[in-house]
Amino acid sequence: MTQSMRIMTESPLNAETPAVRLRSWITPNAVFFDRNQGKIPEVPVDLDKWALTIDGKVKKKLNLGLEQLQRLPKAMVANTLECSGNSRSLLEKKAPGNPWTIGGVGNAVWGGVWLRDLLNDAGLADRAAHVAFEGMDTPLGKAQIKFVRSIPIEKAMSSTLLAYEMNGDPLPLKHGYPLRALALGWTGANCVKWLNRISVMEKPFEGFFMDQVYRVFQKGEKPATGDAVTAIALKSIITQPLAGERLEKGTIVVLGAAYAGEGHVEQVEVSVDGGANWQTAEFIGPDEPFAWRQWQYVWQASQAAEHTIKARATDEQGRRQPETARWNFLGYGNNGVDEHAVKVIVE
């Protein structure tokens, strides 16, 4: 992989960040991965005609323009965002969908307002239990199915941001301008772009993107019976060296990133002999809730041979990343250590 985005589909646009651009704590907007179900708007919406509507089981319906949102108390949060199907192509048993390697993930500093502030202003009515997000993107395909997703009210009130800035700039058009939802620590499927409506509901939203996909189920099972894809799983990735690289003996710096969604990564271990022996990696860079932790391991390579490099993360509760991912029909949540191993040649 090079510095260029790897485009998997053009309509809708789905493209992953090259591994070399995942070596810093901040992922630049220009190479932040693209995941879309519908057509990206060709031009920014006219802000004089745009408003965020909050309705449903609220005591007061709200209609807020962008300037009104920007005058509210501001929140700035670092958040690692990952596509639910990231690393799908690394599974030993293939699954349908975009063939992501490790580049369906990125970390940014987002600016916006807390959703709970708006919901408190609107006032939650009785039996308000879920929050549905709807965007302005145009559906593709004959069925013309709108991308609508809902999250539990607990997540909406605790750690969900409505973002209008990304890495200090106005939210880029392809990443949801003028506003997107960010359920912090949850996969991108829960973070609707081009947001213009939030509906408070008694039950989860029912629809294709809630009940037929973004569910973890096995072949032959009904999708709606599977667990919904929510929080990002504990995971580590190796960003340097790249698979297949030929390296000289001596000092080799192994780089990577580890993240745990709503959890906190406490430790990363690295093996350069296929998992026979493990050494503790060093964390480098910031440590913020919901954001990945960059790490490095300095390897003194003295043996000329093919080496398999592995990395595994442990969170604050002592849970360790699984050796092998639990396969599911749509290939979601691949966080296996073995699947993310990198083979290199030391000469």
Does a side-chain N-to-carboxylate-O contact under 4.0 Å join [X] and [Y]?
X	Y	result
D121	K60	yes
K203	E206	no
K155	E262	yes
D227	R215	no
D126	K57	no

Taking [Y]'s backbone N and O only, do any of them form a donor-acceptor pair with [X]'s side chain (distance below 3.5 Å, no angle check)?
X	Y	result
W110	N167	no
R88	P96	yes
E316	H264	yes
S150	F205	yes
W327	K93	yes
R149	A189	yes
D46	D48	yes
N328	F217	no
T9	S11	no
D287	V265	no

Exercise for review: Report the residues that fulfil side chain to side chain contact (heavy atoms under 4.5 Å, CB included) with D315, sequence neighbours left out, ordered by chain and then residue number.
Suggested key: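 So D315 forms a side chain to side chain contact (heavy atoms under 4.5 Å, CB included) with L234, Q317, R319.
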**Item:** E42, CD atom: more than 12 neighbouring heavy atoms under 6.0 Å
**Value:**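 No, CD of E42 has 12 or fewer neighbouring heavy atoms, counting only those of other groups under 6.0 Å.
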TODO: Kindly check if the number of other-residue, nucleotide or ligand heavy atoms within 6.0 Å of CD (E92) is above 12?
DONE: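 Atom CD in E92 is not crowded, with 12 or fewer foreign heavy atoms closer than 6.0 Å.
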*Decide whether L195 and V45 are clustered together by the hydrophobic rule: side chain heavy atoms of Ile, Leu, Val, Met, Phe, Trp, Tyr closer than 4.5 Å, transitively.*
yes
Name the atoms and distances for all side-chain donor-acceptor pairs under 3.5 Å in residues 338-345, with sequence neighbours left out.
from	atom 1	to	atom 2	distance (Å)
D338	OD1	K310	NZ	2.7
D338	OD2	T324	OG1	3.3
E339	OE1	A325	N	3.4
E339	OE2	A325	N	3.1
H340	ND1	G336	O	2.8
H340	NE2	S87	OG	2.7

Closest non-hydrogen atoms of V253 and Q240, given as atom of the first, atom of the second and distance, are O-NE2, 2.9 Å
